[in-house]
Amino acid sequence: LKGNVILGEPRNLACLAKTWKGLSSKTCPQEMDENEGVLLVEKLKAVDYEYREDVHWTKCQSLLGTGSFGDVYKMEDKQTGFQCAAKKVRVEHFRAEELTTCTGMMHPKILPLYGAVKEGLWVTIFMKLMEGGSLGQLLKQRGYLPEDRALDYLGQTLEGLEYLHACGVLHGDVKADNVLLSGDGNHTVLCDFGHAAHLHPDGGGKYLVTGDYVPGTETHLAPEIVMGKRCDSKVDVWSSCCMMLHLLNGCHPWTQYYNHPLCLKIAKEPPPLREIPPSSHPSTAHVIKAGLEKEPTKRASAAELRAKVYTALQQVGGLTSPWRGEYREPRCLQ
Ligand SMILES: N#Cc1cccc(-c2csc(Nc3cc(F)ccc3O)n2)c1
């Protein structure tokens with residue numbers, strides 16, 4: 001059995017990932033057994049240039065969650081015993097941007113990539129294990145979050161976005177399911193670059209709705225995306241405030257007022273500011289208003305919005321409530 005899995009550098013992985021794009025199941029039989037990839041950490045060990053599921057690594061029983069285009073499992077390297085998270089994506093659904101946008105990214109609020117391997121018709125992407133699970137899962141357990149917790153998580157998410165945008169990358173699917181938590185619930189990282197895109201260096205927008213672009217979560221889509229206009233990093237700011245409404249209410253924006261297809265409403269209707277809980281502090285409302293400007297040039301940047309979030313967090317008395325507290329009936333079902 002031939003293999004071509006190496007311990008390498010992020011740029012090796014970015015380069016190899018581009019050759020995986022668009023391979024379809026119509027490939028020849030020997031392709032079915034191909035095993036190639038780049039591992040970025042010593043704790044994931046290829047053996048004779050091979051790294052195969054159930055041979056060199058195995059999935060642990062639990063399904064951790066569902067990412068874009070694939071399920072996420074806890075996995076263990078059979079040689080080193082090291083455990084991490086792994087998402088399996090069919091090559092037909094694999095987008096090279098999932099790896100080219102986040103390789104080489106080093107920031108406390110961005111989930112570290114450990115490598116990726118193609119085995120037959122599957123691409124497996126390895127990332128750091130986050131014991132706290134996703135913010136989406138926490139929300140299901142708590143109904144909706146206290147204002148200080150929601151502000152703190154929004155602020156950390158915006159820190160990660162600020163770094164991403166400075167690197168010329170837009171995430172494309174900012175939502176609670178793609179924000180992961182440390183074991184103590186106090187630190188977040190942004191994950192899942194399945195909808196990410198490289199921004200033009202001139203900072204000009206990019207036509208997202210083209211060839212292989214798959215839109216992110218409909219309820220969180222910015223107006224300029226649904227109107228097929230040029231998009232830039234501001235689309236992530238809009239989505240982060242849709243996530244904020246989701247954290248504060250326990251339900252996605254728009255869904256209580258409109259039926260599908262929501263994209264027509266997102267384009268036509270005013271921003272969903274009426275969904276800001278009346279009990280919110282005025283500074284919190286100010287943050288959401290600044291992030292839900294329909295005109296991207298008027299919308300706050302991730303850096304500007306982060307500053308407003310920290311002010312609001314101070315105004316509400318800082319972070320005081322526990323991350324796992326009592327369940328609160330989502331506001332949308334009241
Ligand atoms: N650890 C962990 C954990 C727990 C719950 C959900 C997720 C989750 C949601 S999207 C997601 N994407 C993802 C996970 C990988 F391991 C590798 C690439 C990915 O895009 N992971 C991860």
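Just follow the structure's listing: the first ligand is 1, and inside any ligand the first atom is 1.
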What I want to check is whether the side chains of Thr124 and Glu53 have a donor and an acceptor closer together than 3.5 Å.
no
As a test of reading the model: which N/O atoms of the protein lie under 3.5 Å from N/O atoms of ligand 1, and at what distance?
from	atom 1	to	atom 2	distance (Å)
ligand 1	1 (N)	Met130	N	2.9
ligand 1	12 (N)	Asp192	OD2	3.1
ligand 1	20 (O)	Lys87	NZ	3.0
ligand 1	20 (O)	Glu98	OE2	2.9
ligand 1	20 (O)	Asp192	OD2	3.3

Mind checking salt bridge (Lys or Arg N to Asp or Glu O under 4.0 Å) for Glu295 and listing every partner two or more places apart, or none if nothing turns up?
none
Among side-chain atoms of Lys175 and His246, is any donor-acceptor pair under 3.5 angstrom?
no
Decide whether a cation-pi geometry holds between Arg52 and Trp57; the criteria are a distance under 6.0 Å from NZ or CZ to the six-membered ring centre and an angle within 45° of the ring axis.
no
Under the rule for side chain to side chain contact (heavy atoms under 4.5 Å, CB included), what residues qualify as partners of Lys18, not counting sequence neighbours?
Ala96, Thr100
Side-chain donor-acceptor pairs of residues 4-15 under 3.5 Å, sequence neighbours excluded:
from	atom 1	to	atom 2	distance (Å)
Glu9	OE1	Arg11	NH1	3.2
Asn12	OD1	Glu9	N	2.6

